Each structure stands twice: as structure tokens, then as C-alpha cells.
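Below you'll find the structure, written out as C-alpha cells, and then a few comments.
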Number of protein chains: 2
Amino acid sequence: MDALDRRIIAALRLNGRATYAELGRTVGLSASSVHERVGKLEAAGVITGYHAVVDPSTVGLGVTALVGIQPTDTAADDDVAEALGSLVEVESCYAVAGDEAFVVKVRVSTVDELERTLGRLRRIDGVARTRTTVVLSTRFEARPNNEGLDEPPEEGA
Amino acid sequence: MDALDRRIIAALRLNGRATYAELGRTVGLSASSVHERVGKLEAAGVITGYHAVVDPSTVGLGVTALVGIQPTDTAADDDVAEALGSLVEVESCYAVAGDEAFVVKVRVSTVDELERTLGRLRRIDGVARTRTTVVLSTRFEARPNNEGLDEPPEEGA
DNA sequence: AGTGAAATTTCGCGGTT
DNA sequence: AACCGCGAAATTTCACT
């Protein structure tokens, strides 16, 4: 992984549909070289996928909440995590330090639906209590933290 | 927005680099129709972008934390949010209900760097206190919640 | 890493229902 | 309105140097 790879990654984080030709122009490489590098980055597990991002409110998911999951004394973390994963409303799941086992991000259509989802969460075996933080607005999300890899390409060659 | 649009969106959430031809085969439409629909979805702000997802640990960002931001009495939320956004380590920022104004997700290389980042957060004007939850493992993240739009295409035509 | 070439895709446009 | 086919330009994706 060199500086060129990092520049390619940065560009693909900004625009996941950038063409190889376009990326090549950005970093100063031929399309086929970019193609090869990207293939290696994917194979190495550096790039794990490409996803369209959808405005949740436009698809009827206007309510977001962060929910801390307090486990019972006897809970098996992996089983709880799996059960959390089986709920489509649970978008992300982090195992955390502290007296909560997990923090999950939940996305639903209405507060009514949020209430129902919290019920489902509490009914999971191994879940003792939930602590819900309602999101009022998402200021920014999943922002690419491009560790200073945004210098323009060289020209002299 | 009809069922076809939702199917296209679902497919693009799974694979943001799917070609229009491929999407057309998936949903049973011509490439040009898909092209037109996707263009409209983008223009309507339903699809807000396409991003490559990178395994953070492979790019030296192995430490994740969720940080609650307690504001001072006189804090201006928008100013605080903007200041949070100026830190590259802050990947997401949610304004929340409760006695914390924001919850942010922070991604850094080491716990040392986390400590420095928390210092930067506390030094922001309008920030009274921070409450940090260290992420031990990410079980899943940014999972596409495809509201049951995954039926296969029809064949009889 | 680059070149070259064939297969594929993009994307605007006209025509159809 | 939405869909499709057409076709030129661009891109992808190889094998090869």
C-alpha cells in the first residue's frame, strides 16, 4: 500500500462510482494500472464494498435512535449480537466497554415504530435493559476521514 | 417511487458499482430505463452518493469510540456542530435528545490518539464535558435496511 | 506499469405504447 | 409518463510487453 493506493482509496470513498479511467486521471496512472490496484485492494480486504447512500427520510425511515443494550448476567454476547442482527431496523451494532454490552443504531419510520422496536430489543434473550437516545438531526454521517491523502497529482513525468 | 425504484435502490445499496445493464437484468428493465430512473432518483435526492467502504483497521484506524458531547449553558449548537465537523477524526455527528447535545463517532489509530482527540473535543468552545464509550468490536455497520424489497424479478411477459 | 484490442457499458435521442 | 432500441463515445478488462 503506497501513496497512490491511498489516493485511489480516498477518491473511491468520495465517489464509489468513479471510473478507472477517471481515477487514473486523478492519480496520474493508466486505467489498467488503477484497475489492477483496485482489484488487489479488494482482494486484500482493504476495500470491502461499494454502496449507494440513500437519504433515509425519502424512503420512510425518518426516525433514528441510538440504543444501549444492557445484558443480563448470563448473556452470551455473540448470541445477543446475532439476535440484534436479525432485526432489520438495527443498522449498526457495536460491542462496547462499560456496563452496556452493545450500542446499536436503529432506523425506523415513526416513533410508534421505534416503541415497537424497543419492545423487540428488550424481548431478546440476554437483554436486561435498553437505554435509548433519540437522534434529533444527523449533522453528518460516515464521512470519509481521508488521512490527508488529497494532494493533487504530479505532472512532470 | 414505485416498487421498481425500490428494487433498484436495494441493489445499489448492496453493490454501488453495479452497471445499469446488470441492474436492468436484476429488476427486469432495459439498461436505458434503469439509467433514467437512477438519474431521477439522484436528482430527487433519494440517492445521495456512492462510496467505497474501507476496513478501518487496514488503513490505520483501529480505534473507534462513541463520544457524548455535553454543551455549556451558552453553547450555540450549530457552532459546536461545525467545530466537530472540522476534526477529521469525527466521522459522524448526531444531535440528540437528552442532556448531551451531540453524540459523535470518532475513528483514530491508537488510544493515545483517542486521548488527544478527546482533548481537542473538550477544547471546542461550547463543549462542557465529554462522555466516551470505547468500541470493542464492530459487529455490523451501515447495514442496508432493505424494507423487504428483495423479491426476484418476474419472468412472464 | 503500460499498450493495444475486443467486449461491454454509458448516455443522449428518437420512436412507441 | 415510462419504456425501449439505436449508435457513437467512453470505459472495462483482458493478454502481452
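Please read these numbers as outputs of a predicted model, since none were measured by experiment. Residue numbering restarts at 1 for every chain, and letters A, B, ... go by the order of the sequence lines.
Take A:H51 and apply the ring-ring contact (aromatic ring centres under 6.0 Å, His included) test, not counting sequence neighbours, and it matches no residue.
In this structure, A:R116 pairs ionically with A:E113, as a charged nitrogen and a carboxylate oxygen lie closer than 4.0 Å.
Counting to the nearest Å, the P atom of D:dT12 and the CG atom of A:L23 are 8 Å from each other. Atom OH of A:Y20 is separated from atom P of C:dG2 by 16 Å (rounded to the nearest Å). Here the P atom of nucleotide D:dC3 and the CG atom of B:L4 are 6 Å apart, to the nearest Å. C:dT3 atom P lies 17 Å from atom NE2 of A:H35, rounded to whole Å.
No contact: B:E22 has no heavy atom under 4.0 Å from any strand. Within the nucleic acid shown, B:S32 comes within 4.0 Å of at least one base atom, counting heavy atoms only.
Between A:A31 and B:K40, it is B:K40 whose nearest contact on DNA chain D lies nearer the 5' terminus.
Using Watson-Crick or G-U wobble geometry with both donor-acceptor distances under 3.5 Å, D:dC14 finds its partner in C:dG4.
A 4.5 Å side-chain heavy-atom check between A:L136 and B:V96 finds every atom pair outside the cut-off.
Of the candidates C:dT9, D:dT13, D:dC3, the closest approach to any side-chain atom of B:L29 belongs to D:dC3.
Judged purely by distance below 3.5 Å, without hydrogens or angles, the side chains of A:E42 and A:Y50 pair a donor atom with an acceptor atom.
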